[in-house]
Number of protein chains: 2
Amino acid sequence: MISANRNIRRLLRYRNSLCKMQELGFETVYSYNLGRETGVSPEQVRKDFSQFGIKGNKKGGYNINELLITIREIFRKDELQKVIVVGVGNIGNAILQYKGFQKNMIEIVASFDIDPTKYKKKKLPVPVYSLDKLPKFVVEHKINTAIMTVPERVAQDVADLLIEAGIKGIMNFAPTVLKVPPHIHIVNICIGHELESLIYHSLQMGNNGRGKGS
Amino acid sequence: MISANRNIRRLLRYRNSLCKMQELGFETVYSYNLGRETGVSPEQVRKDFSQFGIKGNKKGGYNINELLITIREIFRKDELQKVIVVGVGNIGNAILQYKGFQKNMIEIVASFDIDPTKYKKKKLPVPVYSLDKLPKFVVEHKINTAIMTVPERVAQDVADLLIEAGIKGIMNFAPTVLKVPPHIHIVNICIGHELESLIYHSLQMGNNGRGKGS
DNA sequence: AAATTAATGTTACACTTTTCACAATAAAGA
DNA sequence: TCTTTATTGTGAAAAGTGTAACATTAATTT
Ligand SMILES: NC(=O)c1ccc[n+]([C@@H]2O[C@H](COP(=O)([O-])OP(=O)(O)OC[C@H]3O[C@@H](n4cnc5c(N)ncnc54)[C@H](O)[C@@H]3O)[C@@H](O)[C@H]2O)c1
Ligand SMILES: NC(=O)c1ccc[n+]([C@@H]2O[C@H](COP(=O)([O-])OP(=O)(O)OC[C@H]3O[C@@H](n4cnc5c(N)ncnc54)[C@H](O)[C@@H]3O)[C@@H](O)[C@H]2O)c1
């Protein structure tokens, strides 16, 4: 069985590049092409493909179309994947407005907020419901995944609510480590921490533009 | 010298928890407290502190106040760190509205966009300038770091422009691997990929709630 | 048809990160 | 004061991840 975490992310990067290449009319790609485009070593590219059972041709490289089909199969892109957003504030809004998910068979089907003033928002592509509609909605629409963009203070409570409702995966934007049962998947998007980490590393090497070259 | 990447992220997580503990009136913390709160093993906590030269007391644990001071020193929080945002769309807007950065000595001082209709936005806490004001602004205000929230299509060009202007670190929200010189730091925030990865992992284990326990 | 070539596929190695085990030690208790 | 105890601090083992070397093979050339 496939180990799968870093490779999964890389696979998604490959897919992006492969789509662009396909749009440009290319039919095949070599591991070093794809590596260059995605910042990955050619060996790693081959190894990743090998791990997912993707075969290339000994001299002609990989067929882009086949690659894309296989990658889509790996990600179960045969069926639309439904997601909800909880917390329609700054980030929640931004995500609801974003059109890019559909391309990858992901659809945000509803959003939820505790603040009644949000329910009437007409500019949004999906309705905003009150929180107490959430459990029924999740069950009826068989939702597995939620994007959680609520204030830090309530993040754990909202997560508990989501899990109670049957959600299996949560994308959490609050800078909190959620305590959840082991079968629940969490992805933390910590914009603040990423930014601080970036600033730290930039400061580390000063302004003289001499990073560890190698 | 400190190696520093994973540890840096964990340090930021520790800081979050430590702040909360301090607000609650605690004065000391044990590695296993902090570990529990941040989802890190106690050994890892101790090792991280040890690596950054932080000492605890053989029975009494660590002093929270000292810890916080040291962590702030590591991140050079003596001076305000100035950041710009490029691309005032959905995400750019959300970030500009966010009040949480100041607490950690980060200030977004200006934003830039190619679309003139954005320049008059009055609801924003910082001005939106035209792109051609960027190079001068970056030099005059000694900006090192930029948050880049522009469409994928233009991401590489905008990154080139930023680097040309003297930016050393870029937080990139476009799902593209930027090609940059080795002394430039990039953090990619790939919301789409994170979401797909989350869905993948949730699907992998089916709906029966039996993750690899251990 | 044989040799060469240009790629893939894989095995072994190196590095990084985490976990484990336990030594060290300061505080608390006897 | 001596012993116990609870916790830190760290060196060694293990696991995970990426790199490098090379064996393999199908196409191309001679
Ligand atoms: N905006 C940013 O740039 C940014 C940066 C870093 C981190 N974050 C984090 O992302 C999260 C969201 O940030 P934001 O700026 O969008 O916040 P926001 O305050 O704009 O939005 C939060 C939304 O959640 C809703 N809400 C509050 N309590 C709720 C509950 N119990 N159930 C459901 N909805 C509830 C609010 O009504 C509001 O609409 C926060 O945790 C924040 O720390 C945001
Ligand atoms: N919104 C989301 O939830 C989301 C999710 C995943 C990825 N992303 C990525 O984040 C990025 C931003 O997304 P968004 O939804 O905010 O997009 P958006 O279209 O709302 O905003 C982009 C902004 O960039 C500006 N812009 C365009 N070209 C520019 C240039 N050359 N220089 C400066 N500014 C320029 C536009 O005028 C616009 O204001 C995109 O790359 C997108 O793929 C967004």
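In what follows, chains carry the letters A, B, and so on, assigned in the order in which the sequence lines appear, proteins first and then strands, with residues in each chain numbered from 1.
- The phosphate of dG18(D) has OP1 or OP2 within less than 4.0 Å of a side-chain N or O from R10(A).
- With E196(A) as the partner, the salt bridge (Lys or Arg N to Asp or Glu O under 4.0 Å) test is satisfied by one option alone out of R13(B), K103(B), K77(B): K77(B).
- A heavy-atom distance below 4.5 Å is not found between the side chains of Y30(B) and R36(B).
- Taking atom OH of residue Y62(B) and atom C1' of nucleotide dA26(C), one finds them 14 Å apart after rounding to whole Å.
- Counting heavy atoms from C-beta on, the side chains of T145(A) and Q81(A) never come closer than 4.5 Å.
- Taking side-chain N and O atoms only, R46(A) has no distance below 4.0 Å to OP1 or OP2 of dA7(C).
- Nearest heavy-atom pair across N172(A) and T176(A) is ND2-O, 3.2 Å.
- Rounded to an integer number of Å, the gap from I54(B) CD1 to dT10(D) P is 13 Å.
- The main-chain N or O of I64(B) is never found under 3.5 Å from a side-chain atom of T28(B) such that the two would form a donor-acceptor pair.
- When rounded to the nearest whole Å, the span between NZ of K55(A) and P of dT24(D) equals 15 Å.
- Between the side chain of K47(A) and the base of dT8(C), no donor-acceptor pair of N or O atoms lies under 3.5 Å.
- Note: CG (L67(B)) to P (dT7(D)) measures 16 Å, nearest angstrom.
- At dG18(D), one or more side-chain N or O atoms of R6(A) fall inside 4.0 Å of OP1 or OP2 (strictly under the cut-off).
- Here the C1' atom of nucleotide dT18(C) and the CD atom of Q51(B) are 12 Å apart, to the nearest Å.
- Listed by residue number, Y30(B), S31(B), Y32(B) are the residues of residues 14-44 of chain B with a heavy-atom contact under 4.0 Å to DNA chain D.
- To the nearest angstrom, P of dT18(C) lies 8 Å from CG of D48(B).
- Taking every heavy atom of both residues into account, P175(A) and C190(A) meet most closely at CA-SG, 3.6 Å.
- For the pair K59(B) NZ and dA26(C) C1', the interatomic distance rounds to 8 Å; values are reported in whole Å.
- Atom CG of N57(B) is separated from atom P of dG9(D) by 8 Å (rounded to the nearest Å).
- Two residues are said to be in side-chain contact when any heavy atoms from C-beta on lie closer than 4.5 Å; L195(A) and N104(B) fail this criterion.
- Among dG9(D), dA7(C), dA6(C), the nucleotide with an atom closest to any side-chain atom of K58(A) is dA7(C).
- Phosphate proximity of dG9(C) to S50(A): absent, as no side-chain N or O sits under 4.0 Å from OP1 or OP2.
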